[in-house]
Amino acid sequence: MMRALDVDTGEVRWKHELTDPRVESASVISASPFVASLRTRGARGRRSLLFLGDGDTEAVTLHLPEGYEKFGERVAVTGGVLVVGLVPKDRMEHDLGSPLGAYSLTSGELIWQWRGGDTHHDTPLAHRGWLLIVHGYGGRLSVLDPADGRVVARRRLRGTAFDSLVAASGDLVAVGCEAGDYSHGLRVFRWR
């Protein structure tokens, strides 16, 4: 059983029962929107994501495609699409960089994949109805259409940020770094 609690009052806001008895563990990836990583038991155990819409009213399970061992740690949701990193099982494939997978939140199906290249740490962010993807070790920003994954704009960013942290407000995009030794500090860019 998963429960969402009100931070101020401690009251239970909603509950969600995990009905699959094979689920061994559930870990929260995102609180808003709510996304949990699920893992099933056994030698053929698989990973999936559970997306809960408005307070447990729209539960959708997203399955990891064949050839991938796990999901990334960051998600972005916009336009009825959830985007998350896909980590390949094959080491040769992994060396090419990990793609992002986009899932329909109505059907749960994988609808497109995008590969920025030269990085394993693409960071997705939903902003103003678009998907902003920081990749190239924090040195590039691509803007994708959530419907089809088409690149609608791109920009080089000064500096690097291994394992980027990204935030946006209005026409500003801030890029930081979770791995302090590989960072050029917090950088803020005005989107033109």
Side-chain angles (χ1 to χ4, degrees), residues 1-42 45-65 68-87 98-114 121-134 143-147 149 161 163-179 186 188:
M1 174 71 70
M2 292 190 297
R3 294 176 179 86
L5 304 176
D6 186 294
V7 175
D8 295 324
T9 66
E11 291 181 38
V12 175
R13 302 204 59 199
W14 53 259
K15 297 178 187 178
H16 180 78
E17 177 113 21
L18 295 171
T19 56
D20 185 344
R22 297 171 301 159
V23 172
E24 178 179 64
S25 65
S27 304
V28 176
I29 293 177
S30 171
S32 182
F34 185 85
V35 180
S37 176
L38 306 178
R39 185 175 188 157
T40 56
R41 300 181 216 291
R46 300 221 33 187
R47 295 180 187 256
S48 59
L49 292 182
L50 175 68
F51 171 83
L52 295 177
D54 186 27
D56 188 31
T57 59
E58 304 169 27
V60 179
T61 302
L62 313 173
H63 296 284
L64 193 61
Y68 294 94
E69 66 175 320
K70 63 182 180 178
F71 289 103
E73 297 175 0
R74 296 189 180 107
V75 298
V77 175
T78 190
V81 172
L82 180 142
V83 173
V84 63
L86 303 172
V87 180
S98 299
L100 294 172
Y103 289 85
S104 165
L105 291 177
T106 53
S107 69
E109 297 297 317
L110 180 67
I111 55 175
W112 54 261
Q113 290 187 31
W114 183 82
H121 300 279
D122 296 343
T123 304
L125 175 72
H127 184 59
R128 293 183 168 177
W130 299 102
L131 291 165
L132 279 58
I133 312 298
V134 173
V143 180
L144 308 183
D145 183 331
D163 212 3
S164 302
L165 297 171
V166 183
S169 178
D171 64 347
L172 298 177
V173 177
V175 180
C177 181
E178 213 168 356
L186 179 65
V188 179

Residue pair [X] / [Y]: nearest heavy atoms and the distance that separates them:
| X | Y | answer |
| --- | --- | --- |
| P33 | V77 | CG-CG2, 3.5 Å |
| M2 | L18 | CE-CD2, 3.9 Å |
| A76 | L131 | CB-CD2, 3.9 Å |
| L38 | A26 | CD2-CB, 3.5 Å |
| V81 | A102 | CG1-CB, 3.6 Å |
| L110 | G101 | CD1-CA, 3.8 Å |

Are any of the side-chain heavy atoms of [X] and [Y] separated by less than 4.5 Å?
| X | Y | result |
| --- | --- | --- |
| F71 | V87 | no |
| W114 | D122 | yes |
| L105 | F51 | yes |
| V60 | Y103 | no |
| L125 | V134 | no |
| L132 | P124 | no |
| L49 | I29 | yes |
| L144 | W112 | yes |

Q) What pairs with S25 under side chain to side chain contact (heavy atoms under 4.5 Å, CB included), at least two apart in sequence or on another chain? A) R39
Q: Under the side chain to side chain contact (heavy atoms under 4.5 Å, CB included) rule, collect the residues that match up with A174, sequence neighbours excluded.
A: L186, V188
Q: Could you pull out all residues at least two apart from F34 that satisfy ring pair (Phe, Tyr, Trp, His ring centres under 6.0 Å)?
A: W14
Rounded to the nearest 0.5 Å, what's the gap from [atom1] on [X] to [atom2] on [Y]? Could you check?
| X | Y | atom1 | atom2 | value |
| --- | --- | --- | --- | --- |
| D6 | R13 | CG | CZ | 5.0 Å |
| E69 | R46 | CD | CZ | 12.5 Å |
| H63 | E109 | NE2 | CD | 8.5 Å |
| E11 | L5 | CD | CG | 10.0 Å |
| R128 | T78 | CZ | OG1 | 12.5 Å |

(Q) For the backbone of S37 and the side chain of S27, can you confirm whether one donor and one acceptor N or O come within less than 3.5 Å of each other? (A) no
Q) Counting distance only, does the side-chain N/O of H127 pair as donor-acceptor with the main-chain N or O of D171 below 3.5 Å? A) no
Q.
With side-chain contact (heavy atoms from CB on, under 4.5 Å) as the criterion, how do L86 and L64 come out once you've worked through the C-alpha distance, each side chain's angles and the decisive distance to 0.1 Å?
A. CA-CA 8 Å; L86 303 172; L64 193 61; 4.0 Å; yes
Which residues pass the side chain to side chain donor-acceptor pair (under 3.5 Å) test with [X], sequence neighbours left out?
| X | answer |
| --- | --- |
| T61 | none |
| S169 | none |
| R22 | D20 |

